[in-house]
Amino acid sequence: MKKNNKKAIFSTAIAAAVLLTGTSFSPLAPEKNTVSAETDVLKYEFEDGSTSGGKIHTEGWKGNTQEDGSGDEMDLTGFSGTGFSYLDQKGTTVSVEVDVPEAGLYEMNVCYCEPYDTNKKVQYLQVNGVNQGELSFVYNLEFEETSGGVVNLKKGKNTIELKAYWGYTFFDYLTLTPADKSLTNLTPTRTLSNPNASDSAKRLYSYLCDQYGKHIIAGQQEYCGEHNYNLWADPDTFIKDNEAEFEYIMEQTGKQPAIRGIDLLAYRSNTDWMDHAPERAIEWVNEYKGIATLTWHWNVPSVEGGEEVAFYVESTGNTPFTTFSITKALEEGTWENKQLLADIDAIAAELTKLKEADVPVLWRPLHEAEGAWFWWGAEGPEPCKQLYKLLYDKLTNEYGLDNLIWVWTGYTFPTSAAWYPGDDVVDMVGYDKYNAVDGMPNLSSIASTFYSLVQSTDGQKMVAMTENDSIPSLENLINDKAGWLYFCPWYMNYLTSEQNNPVENLVEIYNSEYCITLDELPDLKSYPISGGSNVDPPEIPDTKKTLAGDANCDGSVKLNDAILVMQTIGNPDLYGISGTDEKCITKQGEINSDVAGSSDGLTNLDALEIQKYLLGLVKELK
């Protein structure tokens, strides 16, 4: 289509819009930002909000954290406003209604005091009634601000609620500041941390980069243990039995996950038991043409010389547990150090099988470290990071395992940055989501958690839901623009229970164009390597309409959508896909807007059709 014809069509579209709406406007002028990220901070006092089961205090006090005076001296007199709130028992809540001028991402800070647990207290964050993850409040003795991460808010009124999980925390106020809008760009580095990464690892990583923010990849964790009960009769098949999760998904959806999660729990230096987990990873990638992700619940002796092994520490209440010290394990000459090095040698031998089979893997060691329930995280961030870097160095430089894509499983707590091993040894960031409570599924996209993780590496690392209970709903993922790279439910009831994953939701996500399943993967062994090369990534197939007419993907159809269509037609450099304006149309928005039955892409007829719908002249948009 010639440029002068575009101008004529655009002029016609504007004229028609004015006739239909009786409104004059300048469609080429960008909308004015009403919130300044540099100067505008919105502040809300918790005592002005509401509570269910909590308390509102109008006077502060000083005192000891223990009734017998043996604790620390705390000071609750430094609050702002007219008071503060308090959560104690699990399930109690405190909330404030906030009013923001624009829809988008906001950085939230919370002023609090948590004087009763020398470690931390964790509370649930809920936005507009939907769980968005957890907030952690470390021990302190007076009111001070801490980061609450990034929250995704709609324009106008929103309710932000803190729901007690561990409770026993005082809350003074929260503040909101517009987040850097570059967070939504989702343009991670295309270079792996290992400069000698294998071609197959680079090809897999390039494919993942090309999908990031455009699709979510379906994954599923397998049940631990042998998966061929008659291996002696069929020694070359390792995926055959014990496949309940994968059979369930096939029965319900007609599909299979693209990613298979496998645990190397059985592997360590002082055991003869093997469940052929590495062989299953090889078979899944080379025979099924899928993607493998490996984690390692690293079992160590419960005590020196003991026969029992464990990965949980005593404070969790699990049995058996281990007293194995990570700090001592990093000291040369200790029995723990000998055990640690022998185990690394043993796991390297298993991972070498994958390298020799040209199988790249998403390798996720030392996961959930900050939770402190595993021995590798029980003694704080520094020894954990030291162990991670030791593991990286030995597997990468000593054993030459160039097929590994390194995934760090982190959190969004104020303390989480101290645990991060570093961009030079991490390729992707993962988050393990378990937030289905009270016997109900939680289909939230936890967009606040997603964008807080994106922000934690300045957008340089892709973010994946490396474990989960409920799979977020398709509607929430798209409407919230939560661009998780993949999901991967844990096994058994975490997948199959209705209180975690309703069948209807499972069927919808697996059969959507937004979700990539096993049958939709390309040949990853020949996929173009795009990191630092001039190879263009393959074109991503179109997705389905999420809401016909919703050009700006804000979850509703309004006059702004018709305007954006006309702006896109009239000034594609500014408002077209990949345009320079921050409110340019997206690929999904373009698909949503194609409502006039034309096969020529967006035209003035699409803008007119949206306006007719708004005026009630057409019943629905298709």
Original post:
Can you list the residues that meet the side-chain hydrogen bond (donor to acceptor under 3.5 Å, both in side chains) rule with T334, with sequence neighbours excluded?
Top reply: none
Original post:
What residues, two or more places apart in sequence or in another chain, satisfy side-chain contact (heavy atoms from CB on, under 4.5 Å) together with W373?
Top reply: Y312, T316, E368, Y411
**OP:** Flag yes if more than 12 heavy atoms outside K120 fall under 6.0 Å of its NZ atom; otherwise flag no.
**Re:** yes
**OP:** Kindly assign one of parallel, tilted or perpendicular to the pair F171 and F46, based on the angle between their ring planes and the thresholds 30° and 60°.
**Re:** tilted
Original post:
Could you give all pairs that pass the salt bridge (Lys or Arg N to Asp or Glu O under 4.0 Å) test and reach residues 453-470, with sequence neighbours left out?
Top reply: R364-E467, K433-D469
Subject >> ring pair (Phe, Tyr, Trp, His ring centres under 6.0 Å) partners for Y205, two or more places apart >> reply: none
Subject >> Side chains of N158 and N128, donor plus acceptor under 3.5 Å >> reply: yes
**OP:** Might you point out which heavy atoms bring P365 and Y388 nearest each other, and give the distance in Å?
**Re:** CG-CE1, 4.2 Å
Subject >> Check against side-chain hydrogen bond (donor to acceptor under 3.5 Å, both in side chains), Y139 and D72 >> reply: CA-CA 11 Å; Y139 181 70; D72 296 322; 2.4 Å; yes
Original post:
Is there side-chain contact between Y44 and I160, with heavy atoms separated by less than 4.5 Å?
Top reply: no
Subject >> Donor-acceptor pair between T415 and E370 side chains, under 3.5 angstrom >> reply: yes
Original post:
Can you pull the salt bridge (Lys or Arg N to Asp or Glu O under 4.0 Å) pairs that have at least one residue in residues 373-393, sequence neighbours excluded?
Top reply: E382-K385
Original post:
W298 and ring pair (Phe, Tyr, Trp, His ring centres under 6.0 Å): which partner among F311, W375, F374?
Top reply: W375
Original post:
Considering residues at least two apart in sequence or located in another chain, which fulfil the side-chain hydrogen bond (donor to acceptor under 3.5 Å, both in side chains) criterion with T412?
Top reply: none
**OP:** Check the surroundings of atom CD in E314: do more than 12 heavy atoms from other residues, nucleotides or ligands lie under 6.0 Å from it?
**Re:** no
Original post:
What residues, two or more places apart in sequence or in another chain, satisfy side-chain contact (heavy atoms from CB on, under 4.5 Å) together with Q455?
Top reply: E107, V150, L183
Subject >> Donor-acceptor pair, side chain of D480 and main chain of L477, under 3.5 angstrom >> reply: no
Original post:
Looking only at side chains, do S50 and S95 share a donor and an acceptor under 3.5 Å apart?
Top reply: yes
Subject >> Any pair counted as salt bridge (Lys or Arg N to Asp or Glu O under 4.0 Å), so long as it reaches residues 127-138, sequence neighbours left out >> reply: none
**OP:** Report the residues that fulfil ring pair (Phe, Tyr, Trp, His ring centres under 6.0 Å) with Y212, sequence neighbours left out, ordered by chain and then residue number.
**Re:** none
**OP:** Verify side chain to side chain contact (heavy atoms under 4.5 Å, CB included) between F413 and S147, making sure each step is shown before the conclusion.
**Re:** CA-CA 8 Å; F413 301 148; S147 172; over 6 Å; no
**OP:** Mind telling me whether F170 and H57 have parallel, tilted or perpendicular rings, with 30° and 60° as the class edges?
**Re:** tilted
Original post:
Going through the checks in order, is the side-chain hydrogen bond (donor to acceptor under 3.5 Å, both in side chains) test met by S473 and N476?
Top reply: CA-CA 5 Å; S473 72; N476 288 336; 3.0 Å; yes
Subject >> Result of checking Q123, K121, E114 against T169 for side chain to side chain donor-acceptor pair (under 3.5 Å) >> reply: Q123
Subject >> T187-N185 side chain donor-acceptor pair, cut-off 3.5 Å >> reply: no
**OP:** Any chance you could lay out the side-chain hydrogen bond (donor to acceptor under 3.5 Å, both in side chains) test for N109 and E145, step after step, and finish with the verdict?
**Re:** CA-CA 6 Å; N109 282 347; E145 283 193 10; 3.3 Å; yes
Original post:
Does any pair with a residue in residues 74-99 pass salt bridge (Lys or Arg N to Asp or Glu O under 4.0 Å), and if so which ones, sequence neighbours excluded?
Top reply: K55-D88, E97-K157, D99-K157
Subject >> Residues which pass side-chain hydrogen bond (donor to acceptor under 3.5 Å, both in side chains) with H297, listed by chain and number, not counting sequence neighbours >> reply: D263, H367
Original post:
According to the side chain to side chain donor-acceptor pair (under 3.5 Å) rule, which pairs have a member within residues 483-495, sequence neighbours left out?
Top reply: none
**OP:** State whether the number of non-hydrogen atoms from other residues, nucleotides or ligands found under 6.0 Å of E331 atom CD is greater than 12.
**Re:** yes
Original post:
F143 pairs by ring pair (Phe, Tyr, Trp, His ring centres under 6.0 Å) with which of Y173, Y112, F84?
Top reply: F84
**OP:** Applying side-chain hydrogen bond (donor to acceptor under 3.5 Å, both in side chains), run through D432 and T466 and close with a yes or a no.
**Re:** CA-CA 6 Å; D432 291 355; T466 42; 2.6 Å; yes
**OP:** Evaluate the ring planes of W406 and Y392, with Trp represented by its six-membered ring, and classify them as parallel (under 30°), tilted (30 to 60°) or perpendicular (over 60°).
**Re:** tilted
Original post:
Any side-chain donor paired with an acceptor under 3.5 Å for E45 and S80?
Top reply: yes
Original post:
Y514 and G483: which non-hydrogen atoms are nearest, and at how many Å?
Top reply: OH-CA, 4.4 Å
